[in-house]
Structure formats: structure tokens, C-alpha cells
Amino acid sequence: MQKIHTILPLLLLVLTACQKAQPPAVAEIDSDFLKNFQVAPAKMESDKNPATEAKVNLGRVLYYEERLSKSQNISCNTCHLLDKYGVDGTPTSTGFKGQKGGRNAPTTYFAAGHIVQFWDGRAADVEEQAKGPVLNPIEMAMTDASSVEATLRSMPEYVEMFKKAFPDAKQPVTFDNAALAIGAFERGLVTESRWDHYLKGHKDSITPEEKAGFVAFSKAGCASCHNGAYVGGRLYTKVGIKKAWPKQDDLGRFAVTKQEHQKMVFKVPSLRNIDKTGPYFHDGSVAQLEEAVKMMSEMQTEKPLTEPEVVAVVAWMKTLTGDIPADYIKKPAMPAATAQTPKPQAD
Ligand code: HEC
Ligand code: HEC
């Protein structure tokens, strides 16, 4: 008797301590609902632009090629750093002559899988997109396609690589082919995360708290827009459905279509690697993921998430962070310039 008296309070203490340490209990996630999500593909293939090894290798070199810019010090990797999850970590990027663009640079990881490119969908695919920044006067600022071609043709190593990548072309070194090669490379920019392991059936790959976060995400209606293999990237919607978006100077898709109902319509971004790709939103206005989640829940959904739900949603989102494919993104040796290669221009 004496023994039980001393042990019982101790036992209770231990029990309550355990309870406190435990995250909110969650039953297994509904398997039917999970069908709205898919494992990340190993590659995002395109029938129009089959990715041969030679084309991908060329695309990788071009992705890192600073001589595709007028000042010869800006490459795709300047704004979409491959070892930093495809972003530059700034609200809006800096291009030619230190000029700032108006929009946040989205990640190039998984971009090839989206229905369209850019926040406003003005390019159909990564191949078409790749030509944009090279000629954009505030990004890489090359004068025109023929100046890009003159630069590339001045380097024999490039001529060789283009021949291998486009063996049937009479003139393989073209601006269009450069874009195809960059696109083919981008189609392999994928990461694999714990969320993928979970979707493959390894139920212990994510914790009970993370599962609770996913349930809160689904119940709030986030998954009506952020779903599929990329947890987004599948449709356009208005931003600020329930409450207006604070900044109204960038009207999104309206600038492309001029249709009234497309004011403040943007592509729903992918949430893969979201913990690593801040600052958030088209204007890069929010630095912290927790704040971005709160804002979304106030502006896009009927019933805002509670504080603990926000914390759990962020915990779940971290399961979307994958491993950087170190070998695939390794910076290759760059072709040597010749006397014919144009020199950098400051203006
Ligand atoms: C000066 C910075 C800068 C450079 C250099 C740059 N980008 Fe971007 N990139 C951006 C910004 C900003 C956006 C978003 C613009 C928008 O939506 O209007 C973007 C958008 C994209 C997208 C669309 C992603 C999505 O989710 O819609 C892809 C893909 C991309 N860039 C690839 C490239 C490639 C390939 C290169 C090199 C040829 C490149 N970028 C060079 C800043 C840059
Ligand atoms: C009606 C569609 C819709 C719903 C519902 C929705 N979102 Fe979004 N989400 C978007 C759009 C569109 C954007 C891009 C907004 C922008 O930058 O203009 C976005 C952006 C985001 C971003 C920033 C992504 C980035 O790369 O900058 C996060 C994080 C996010 N949403 C999380 C959530 C969460 C969490 C919920 C639920 C509480 C949610 N979303 C509900 C459409 C939606």
C-alpha cells in the first residue's frame, strides 16, 4: 500500500509530461483525398523537346553562361541559384546595370511541370520562357537573337556541343536551339522529399504533427488550389478572394489578356521546397513562411487557420523540402572565349 502511494503521483506526473510533449493526435490521412497529390516525377518530359544527354549537358552549360548577358556577368543562375533551391532569396531580383524588376523570381525547380510559365502565364513552357530573360533589357539585356548567336558561334567548344545536341540541324547554333537546350536541362530540375516517401506508402516518413498540418491545410481549402504532384502550378486564380491583396500595382494576368475579370489573377505557385524559396508571393512582400500561410488563410479561404494550425501547416510544408540533386546541377567547365567573342558592355 505504502509503495503505491508514492508511485502513483509520480506516474501521473510522467503521464502528463508525455501528453504535453505530444503533438495533436491525427488519424491517418484519408487515402481518397490523398489521390489529389502525386509523387514528384523523376523528369518533366516533353514530346516537343525530347531530352537527350547531349542536349541536357549543353543546357546546363548555358544555364551558367554569363556571356549570354550584355555585361557578361549575369546568368540564369544569378537569379535562380541551383544550390539555393532555384531562387536568389531577395524580394525582387537585380539584373543589367543593377536594375530591379517588379516581381519575385520563382524557383526553376519543378517549373517545367507547371501549366504555364511566369506569375502571369505569359510563356507557354520553359523552352519559350528561356528566351525572355536573355533579351529582357533589365535582366540579361542582349540586343537580339543574332547577337546571342554571334557570341555562341565565336566559341568552338559551343559549336561542338550544339552539333551533338542537334545532330540533324544544318545550323545548330541558334537562339531557339539554345532555349531548347536550357529547357531540356530545366526538365530535370526535381527534388525528392519526405512527402514523396509518404505518398509512396511509407507512413512513418512524416510525423503526427506534420500529418495534422496537412489535415488543417486540406480542411481550410488550400488544397483546392495547391494540389497535384507540384502542390500547385496547375491553375490561375485571383489573389485576395476574401480580402483584397494589399498591393494593387501589379494586376497579374490582366496585363497579358486585358480582360477585366483577370485583374489580380496569378498562377498558383508550387509549394514544393517552399520553406527554402522565400521571400514569398509575386511581389516578394512576405519574408516568413508562417506569415505567408496566415495571409493566404485570411485572403483565400472561408475560415482562417488558428495559430496552432498555422504552425502545423508550416511543419507539414517542410516535408515538401527535397534534396538538391548535387550531381545534376554541378557547374560544368565553361567554353573558352576566342578573339572573336564579343566583349562585355556596360551600357
Ligand atoms: C535578373 C534576374 C533573372 C535572370 C537573369 C533570369 N531570371 Fe528567370 N525569372 C526572374 C523573375 C523576376 C521571374 C518572374 C517574372 C514574372 O513572372 O513576370 C522569372 C521567371 C522564370 C521562370 C518561370 C517560373 C515559374 O514558376 O513561372 C523560369 C522557368 C525562369 N525564370 C528561368 C530562367 C532562365 C532559364 C534564365 C536564363 C536564361 C533566367 N530565368 C534568367 C528573374 C530572372
Ligand atoms: C483560391 C486559390 C488559393 C487558395 C485556396 C490558396 N492559395 Fe496559396 N496561392 C494562390 C495564389 C494565386 C498564389 C500566388 C499569389 C501571389 O503571389 O500573387 C498563392 C501563393 C501561396 C504561397 C506563396 C508561394 C510562393 O512561392 O511565394 C503560399 C505559401 C501559399 N499560397 C499557401 C497557401 C495556404 C497555406 C493556403 C490555405 C490556407 C492557400 N495557399 C490557399 C492560390 C490559392
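One is the number of the first residue; the rest follow in order along the sequence. Note that ligands are numbered from 1 as they come in the structure, with each ligand's atoms numbered from 1 the same way.
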Please indicate whether any nitrogen or oxygen in [X] is less than 3.5 Å from any nitrogen or oxygen in ligand 1.
X      : answer
Tyr63  : no
Asp120 : no
Glu186 : no
Lys267 : yes
Gln129 : yes

Any heavy atom of [X] closer to ligand 1 than 4.0 angstrom?
X      : result
His282 : no
Ile182 : yes
Asp88  : no
Ser75  : yes
Asn136 : no
Ala130 : yes
Lys131 : no

*Could you list the atoms of ligand 1 found under 4.0 angstrom from a heavy atom of Cys79?*
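Per the distance check, 1 (C), 2 (C), 3 (C), 4 (C), 5 (C), 42 (C), 43 (C).
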*What atoms in ligand 1 come closer than 4.0 Å to a heavy atom of Pro133?*
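Here the atoms of ligand 1 in question are 6 (C), 36 (C), 38 (C), 39 (C), 40 (N), 41 (C).
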_Please identify which of these residues, Asp323, Asn273, Thr107, meets the side-chain contact (heavy atoms from CB on, under 4.5 Å) condition with Thr191._
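Between Thr191 and the candidates, side-chain contact (heavy atoms from CB on, under 4.5 Å) is satisfied uniquely by Asn273.
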*Considering residues, nucleotides and ligands other than Lys330, do more than 12 of their heavy atoms fall under 6.0 Å from its NZ?*
no
*May I ask you to check if ligand 2 and Leu305 share an N or O to N or O distance below 3.5 Å?*
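No; every N/O pair is 3.5 Å or more apart.
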*asked:* Go through it in stages, so that I can follow the logic: the residues are Arg194 and Glu210, the test is salt bridge (Lys or Arg N to Asp or Glu O under 4.0 Å), and I'd like the CA-CA distance, side-chain angles, deciding distance and then a yes or no.
replied: CA-CA 11 Å; Arg194 283 195 293 126; Glu210 290 160 353; 2.9 Å; yes
*Please could you name the atoms of ligand 2 that Ser297 approaches to less than 4.0 Å, counting only its heavy atoms?*
38 (C)
*So is Lys55 actually on top of Phe185's ring, under 6.0 Å and inside 45° of the axis?*
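No, Lys55 does not lie over the aromatic ring of Phe185.
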*Is there an N/O/S atom in Cys76 that lies less than 2.8 Å from atom 8 (Fe) of ligand 1?*
no
*asked:* Classify the ring geometry of Trp316 against Phe217: parallel below 30°, tilted from 30° to 60°, perpendicular beyond 60°.
replied: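 Answer is tilted, since the angle falls between 30° and 60°.
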*Examine Met296 and say whether one of its N/O/S atoms is closer to atom 8 (Fe) of ligand 2 than 2.8 Å.*
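It does: Met296 brings an N, O or S atom closer than 2.8 Å to atom 8 (Fe) of ligand 2.
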*Answer yes or no as to whether an N/O/S atom of His226 is found below 2.8 Å from atom 8 (Fe) of ligand 2.*
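Checking His226: at least one N, O or S atom is under 2.8 Å.
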*Tell me which one of Gly232, Cys222, Ala223, Ser270 gets a heavy atom nearest to atom 36 (C) of ligand 2.*
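The nearest heavy atom belongs to Cys222.
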*With heavy atoms only and a cut-off of under 4.0 Å, state how Asn104 meets ligand 2: side chain, backbone, both or neither.*
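The answer is neither; Asn104 stays 4.0 Å or more away.
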*CD of Glu186 to CE of Met44: how many Å apart, nearest 0.5 Å?*
8.5 Å
_Checking Tyr109 against Thr277: is there a side-chain donor and acceptor pair closer than 3.5 Å?_
no
_Ring centroid separation Phe37 to Phe214 under 6.0 Å_ = yes
